[in-house]
Each structure stands twice: as structure tokens, then as C-alpha cells.
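A note on names: the letters A, B, ... follow the listed sequences, proteins ahead of strands, and every chain is numbered from 1. The structure displayed is predicted, hence computed values, not measured ones.
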Amino acid sequence: MSRLFVLLGATAVGKSTMAISVARSLECPILSCDSRQFYREMSIGTAVPSLKQRAQAHHYFIQDRSVQEPLSAGEYEKEALSVLRDVYKVNNSAILVGGSGLYINALLYGMDDLPSNKALREVLSQRAKTEGLRKLATELKELDIDTFQAIDQSNPARVIRALEVSLLAGVPYSSLLTKSKTERDFKIIKIGLRAPRQELYDRINLRVDQMMVEGLEQEARRVLPYRELSSLQTVGYREMFDYFDGRITREQATELIKRNTRRYAKRQLTWMRPDTEIQWFDRDDFQPIMHYIDGID
RNA sequence: AGGGGUGUAGUACAAGGGCUAGUAUAGUGGUCUCCAAAACCAUUGAUGGGGGUUCGAAUCCCUCCACCCCUG
């Protein structure tokens, strides 16, 4: 059976480097699962692997599209499955590396085939602003009482998405969720990279300082015209946009990027923590990881 | 060394001798079926040490300690 090694961990823990080491050892390709490294306009702020790094192993889903063509979790699932099918024709192994939990779950377990309509979502989003979220929540209550009670009613994203699906499908959103995982025809091995919290935060702070030196400001200026796109609702860019608007100073922006990256890392850890399938290793434990991999099948 | 000043949460500040020491921010925990590096929810934590006055002290007094400023 083909194998997919899933390399997980918080941002800046060292996933990319470890993935390349493992890929070279296994002589297999890497599929990135980082919902911001998909886009070629974003390099510095997403800490995308360098060209030199990418030359050491074949990478998929790294800067292969524009921010103007966003890739959703469901679309990623389909495209990544297609890539994996091709990879497994010639190779028994592949590595999935990244920090976008929802996208990883989409590929590993599948997503229910829910309807989607960007225009409708936009309308609902506007109505939430003008009429208030409570109004939309009340409408959701009539269409889908189960979801209304289950979700956080003050969370616009949840309310809008549930309403969008219920309206499009003509049946309650909750009735479409199967809650079952799709079985894949490859073996999934999850490997987590960890580091002490303080060390992780130090690495984040250092990395942000480096980004500023490398020209994050110039990069952010180039994508400023696309600031409304969801792909630009990203740590490192939003803060620079605020700086360009004159709302904060460059120094404040740098500090906010650090803080928001730390928070992002914390949310990633919260997301991964309950997953008992993850075998955890220290961030640079290459040999123990290879030993673990060799012991599988 | 002498004189002056300041010590409240990780940080910045508030509390005229009287409610459970407050606010901001950081930090922490959590939610999650395609906007997810998003969105949202919840929450820990402090009066520098010791003594005194008082029914009652962050607040007044003494002392020690730490830091800052000035003089040398």
C-alpha cells in the first residue's frame, strides 16, 4: 500500500527543512499543504521554501497559482488526490507537509460535497454588515435549528456558511454533514514536530525580523491591489497594509506580525493537540523520525 | 557616599484610609466540514520584604531591598 507521511507542526517549527531531509532519504516528492504558499505573489511573508531548497526535492502546491485564483479546501482535496494518484504510479511514498489543518483534513478524510456559491456568500456577508448578524442567525434558525444551536451564533463565518449551504441545498446544512471519514487507498502516517513554546516563539520573532530585512514591505506593496482577497487576509500582509494606510508605524506592524504569528501558532497547536494519531518528535530529530518510518511496514 | 524620587499582573497605567484592587495589552485554554495564516468563544495572573498605626492600609509611619535622577 502506498504511504503518505504527513508532517505537522506549528509555523516556524522547521517543517519545510525536515520534509526535504525526509524526502531526500525516501526519494519521494513533497506535497505542500500551506494555504498561503500556494500563491506566487507571496514569498517572503509566507516563508516559502527557497529555490535552492525546492531543488532538493520535487514540491507540489508551492506557488503554482495566483492570489487571484484562490484554492479552497475542497478544491485542494480534489487536486491533491489527483497529484497523489500520479505520484503513486511511480513512487510508493509521498510527504504531505504544512500547517493548514482544515486543508490537511480535507485531503486525509474528505469533505462532504456541500454546495457553494461565492455570489450568495458575498450577499449574505454584506447583509450581515448592514442588517446585523442576528438577523441572519434568526433566518438560519428557521432553516436549520440544529446548526443554529450547535454553532457560535456570533461567528459570522459560521452563520453565513451554514445559511449559504441551507439556502442552496434547500435542506438543512446539518442534514448534509455525514461526519464520516472517507477511506483513502493509501496509508496515512502522521508525524508531528514540536519545540518548547519559548523556543518556538523565539524562532517566530526572529523569522519576522528576517522577513522585514528581506523586503516584506516591498512584497506587501506589490499585492496591495489585491488586499480584499481572502488569500491576503494573512498575517504579515494585513499588518503591512495597516502601516501603508498610516494607521500604525512600521515598528508597530512588525510587533503585530510577531504577535499574530504567535497566536496563529497557538491555534495550530490547539488544532493538532487532540489528534492521537500524531507521533511527536523534537523539531530536529531526523534520525529518530527515519527510524520510525523504517519501522512501518 | 549624600540628597531626592519611584516600587500594583509579563508590560503600560488606575484605585481621594473603606464594596470582591480596576482597565488595556501580552500570555493561556478552546471551537471548527471549503474566506481557515480566517472567524469566533473563554480565561489565569499583581500591591517588593518585614514591622507598626487603625475597626479597616496599595494608600499613613518605620526599616530593609531594588531601580531611577541629581550632586560627588
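- The partner of B:rG27 is B:rU43, judged by Watson-Crick or G-U wobble contacts that both fall below 3.5 Å.
- Counting atom types as modelled, A:Ser230 pairs no side-chain N or O with a base atom of B:rC35 as donor and acceptor under 3.5 Å.
- Phosphate proximity of B:rA26 to A:Arg262: absent, as no side-chain N or O sits under 4.0 Å from OP1 or OP2.
- Residues A:Arg36 and A:Ala150 both approach RNA chain B. Their nearest nucleotides, taken by heavy-atom distance, put A:Ala150 toward the 5′ side.
- A:Tyr173 comes within 4.0 angstrom of sugar-phosphate atoms only, judged by non-hydrogen atoms across all strands, and of no base.
- The residue A:Arg161 sits close to a base: some heavy atom pair falls under 4.0 Å.
- Between B:rC34, B:rA36, B:rA39, one nucleotide has an atom nearer to the side chain of A:Pro156 than all others, and that is B:rA39.
- When distances run from any side-chain atom of A:Asp112 to the nucleotides B:rU33, B:rU31, B:rA38, the shortest one goes to B:rU33.
- Of the candidate nucleotides B:rU28, B:rC34, B:rC40, B:rC40 has the atom lying nearest to any side-chain atom of A:Ser154.
- When every heavy atom of A:Gly45 is checked against every heavy atom of A:Glu219, the shortest pair comes out as N-OE2, 3.2 Å.
- In summary, A:Arg247 and A:Asp242 engage in a salt bridge, as defined by a charged side-chain N under 4.0 Å from a carboxylate O.
- Note on A:Gly101: nothing from the nucleic acid sits closer than 4.0 angstrom, heavy atoms only.
- Of the nucleotides present, B:rC55 is the one that pairs with B:rG18 by Watson-Crick or G-U wobble criteria, both distances under 3.5 Å.
- Closest to the side chain of A:Leu102, out of B:rU31, B:rU28, B:rA36, is B:rA36.
- Within the structure, every pair that satisfies the side chain to side chain donor-acceptor pair (under 3.5 Å) test and touches residues 278-294 of chain A, not counting sequence neighbours, is listed here: A:Arg194-A:Asp282.
- Pair assignment for B:rU6 gives B:rA66, based on Watson-Crick or G-U wobble hydrogen-bonding distances that are each under 3.5 Å.
- Using a 4.0 Å cut-off between a side-chain N of Lys or Arg and a carboxylate O of Asp or Glu, A:Glu199 and A:Arg203 do not qualify as a salt bridge.
- A parallel orientation is assigned to the rings of A:Phe38 and A:Tyr76, their planes being inclined by less than 30° (bins at 30° and 60°).
- Side-chain nitrogen and oxygen atoms of A:Arg158 include none within less than 4.0 Å of the OP1 or OP2 phosphate oxygen of B:rC32.
- A cation-pi arrangement, defined by a distance under 6.0 Å to the six-membered ring centre and an angle within 45 degrees of its axis, is absent between A:Arg65 and A:Tyr39.
- Annotation: B:rG50 and B:rA9 have their P atoms spaced 16 Å apart (nearest Å).
- Not a single salt bridge (charged side-chain N to carboxylate O under 4.0 Å, His left out) links A:Glu75 to another residue, sequence neighbours left out.
- Put simply, A:Tyr201 has a side-chain N or O that comes within less than 4.0 Å of OP1 or OP2 on B:rU28.
- Minimum atom distance to the side chain of A:Arg259 is reached by B:rU25, of the listed B:rA38, B:rC35, B:rU25.
- A 3.5 Å limit on both hydrogen-bonding distances identifies B:rU71 as the Watson-Crick or G-U partner of B:rA1.
- Both distances falling under 3.5 Å, in either a Watson-Crick or a G-U wobble arrangement, occur for no nucleotide opposite B:rC32.
- Taking the C1' atom of each, B:rU31 and B:rG22 are spaced 30 Å apart, rounded to whole Å.
- Residue A:Thr270 has its side chain nearest to B:rU31 when only B:rG27, B:rU31, B:rU33 are considered.
- Residue A:Asn105 is out of contact with every strand shown, counting any heavy-atom pair closer than 4.0 Å.
- Applying the 3.5 Å distance criterion, the base of B:rU31 shares no donor-acceptor pair with the side chain of A:Asp152.
- Each of B:rA36, B:rU25, B:rG29 was ranked by its minimum atom distance to the side chain of A:Arg263; first place goes to B:rU25.
- For the pair A:Leu269 and A:Thr234, both in contact range of RNA chain B, the more 5′-proximal nearest nucleotide belongs to A:Leu269.
- Within the 4.0 angstrom heavy-atom criterion, no nucleotide atom of any strand lies near A:Lys118.
- Looking at heavy-atom distances under 4.0 Å, A:Tyr103 makes contact with sugar-phosphate atoms alone, never a base.
- Contacts of A:Thr11 with the nucleic acid, taken as non-hydrogen atoms under 4.0 Å apart, are absent.
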